[in-house]
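Report on the structure given below.
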Amino acid sequence: MDVELTEDELLRALAALEAVVRDDDAALAALAGGAGERALPLLLAAYGRKVLIRILATLFGVDPAMGREETSQLVAEINADPMARMVIVLTGALHNQAAPAGDDPAVAKQIGGSILMALHAFTDADHQEAMIMLRALRSEVLHS
């Protein structure tokens with residue numbers, strides 16, 4: 001279920017999340033996948049998984065520079081944590097919701113809303129702060 005996303009896909013997912021925050025259905029419809037593009041609901045589900053797993057790893061102190069033993073110990077802690085397990089269940093549910101949806105912008109909006117609620121649960125960010133965070137993530141993609 002873990003999928004690599006291209007830079008263009010990351011930017012499209014972030015633009016979709018911004019459209020969800022702004023409640024801009026026209027922008028969501030414009031971001032629907034074209035020929036050869038991943039359907040927007042699937043893209044958002046994949047992006048949501050990536051960002052929520054990244055937040056979990058950060059919260060538990062997982063660092064790519066760590067040794068294997070220390071990383072294994074922290075991964076065991078993540079796997080034992082009920083909140084972390086719920087995040088894994090949520091990301092699976094988002095994927096299952098997205099799979100049959102095609103490019104339905106209403107489903108993309110629901111998935112985006114779920115991702116934003118999960119981000120809010122971790123950060124207490126309101127809509128304005130969510131936009132700042134999404135812009136920072138976009139900047140990170142553009143400068144990587």
Side-chain angles (χ1 to χ4, degrees), residues 1-64 66 68 71-144:
M1 192 171 7
D2 199 22
V3 208
E4 284 300 315
L5 299 175
T6 66
E7 183 177 296
D8 287 343
E9 288 176 319
L10 291 170
L11 293 172
R12 189 168 148 235
L14 289 165
L17 288 173
E18 288 179 13
V20 171
V21 170
R22 291 189 319 268
D23 196 23
D24 187 344
D25 293 338
L28 270 178
L31 291 164
E37 289 185 316
R38 192 182 319 258
L40 191 55
L42 280 171
L43 175 62
L44 284 171
Y47 181 76
R49 177 174 174 75
K50 182 173 286 310
V51 75
L52 293 173
I53 297 299
R54 181 176 168 191
I55 288 171
L56 271 180
T58 301
L59 288 174
F60 279 84
V62 176
D63 183 325
M66 290 179 166
R68 184 179 189 146
T71 300
S72 295
Q73 179 183 349
L74 290 174
V75 168
E77 288 178 29
I78 292 171
N79 290 334
D81 185 86
M83 175 83 149
R85 288 196 308 263
M86 289 305 298
V87 168
I88 302 303
V89 170
L90 170 65
T91 61
L94 294 178
H95 177 77
N96 292 337
Q97 182 183 11
D103 234 335
D104 184 346
V107 174
K109 187 174 186 176
Q110 291 172 341
I111 291 170
S114 294
I115 293 166
L116 291 167
M117 282 190 299
L119 291 173
H120 176 71
F122 282 118
T123 64
D124 278 337
D126 63 16
H127 279 342
Q128 183 67 23
E129 292 164 329
M131 289 298 285
I132 292 167
M133 181 172 47
L134 292 171
R135 287 183 188 116
L137 290 168
R138 181 178 55 230
S139 180
E140 180 181 307
V141 170
L142 291 171
H143 294 97
S144 62

Donor-acceptor under 3.5 Å ([X] side chain, [Y] main chain):
{"X": "H143", "Y": "S139", "value": "yes"}
{"X": "D103", "Y": "L40", "value": "yes"}
{"X": "R49", "Y": "G92", "value": "no"}
{"X": "R12", "Y": "R38", "value": "yes"}
{"X": "R85", "Y": "A80", "value": "yes"}
{"X": "E37", "Y": "G34", "value": "yes"}

What's the spacing between [X] [atom1] and [Y] [atom2] if we round to 0.5 Å?
{"X": "L17", "Y": "L119", "atom1": "CG", "atom2": "CG", "result": "7.5 Å"}
{"X": "L42", "Y": "E9", "atom1": "CG", "atom2": "CD", "result": "10.5 Å"}
{"X": "L14", "Y": "L142", "atom1": "CG", "atom2": "CG", "result": "9.0 Å"}
{"X": "E140", "Y": "M133", "atom1": "CD", "atom2": "CE", "result": "12.0 Å"}
{"X": "L137", "Y": "E18", "atom1": "CG", "atom2": "CD", "result": "9.5 Å"}
{"X": "N79", "Y": "L74", "atom1": "CG", "atom2": "CG", "result": "11.0 Å"}

Could you pull out the closest heavy-atom pair between [X] and [Y], with the gap in Å?
{"X": "L94", "Y": "S114", "answer": "CD2-CB, 3.6 Å"}
{"X": "A39", "Y": "G102", "answer": "CB-O, 3.2 Å"}
{"X": "L90", "Y": "A118", "answer": "CD2-CB, 3.8 Å"}
{"X": "A45", "Y": "I111", "answer": "N-CG2, 3.9 Å"}
{"X": "L28", "Y": "P105", "answer": "CD1-O, 4.1 Å"}

Other residues, nucleotides, ligands: >12 heavy atoms within 6.0 Å of M66 CE: yes
Residue pair [X] / [Y], side-chain heavy-atom distance below 4.5 Å:
{"X": "D81", "Y": "E77", "value": "no"}
{"X": "I78", "Y": "V62", "value": "yes"}
{"X": "V75", "Y": "F60", "value": "no"}

Do H95 and T91 have side-chain N/O donor and acceptor atoms under 3.5 Å apart? no
For K109, run the side-chain hydrogen bond (donor to acceptor under 3.5 Å, both in side chains) check against D23, D104, D24 and tell me which one passes. D23
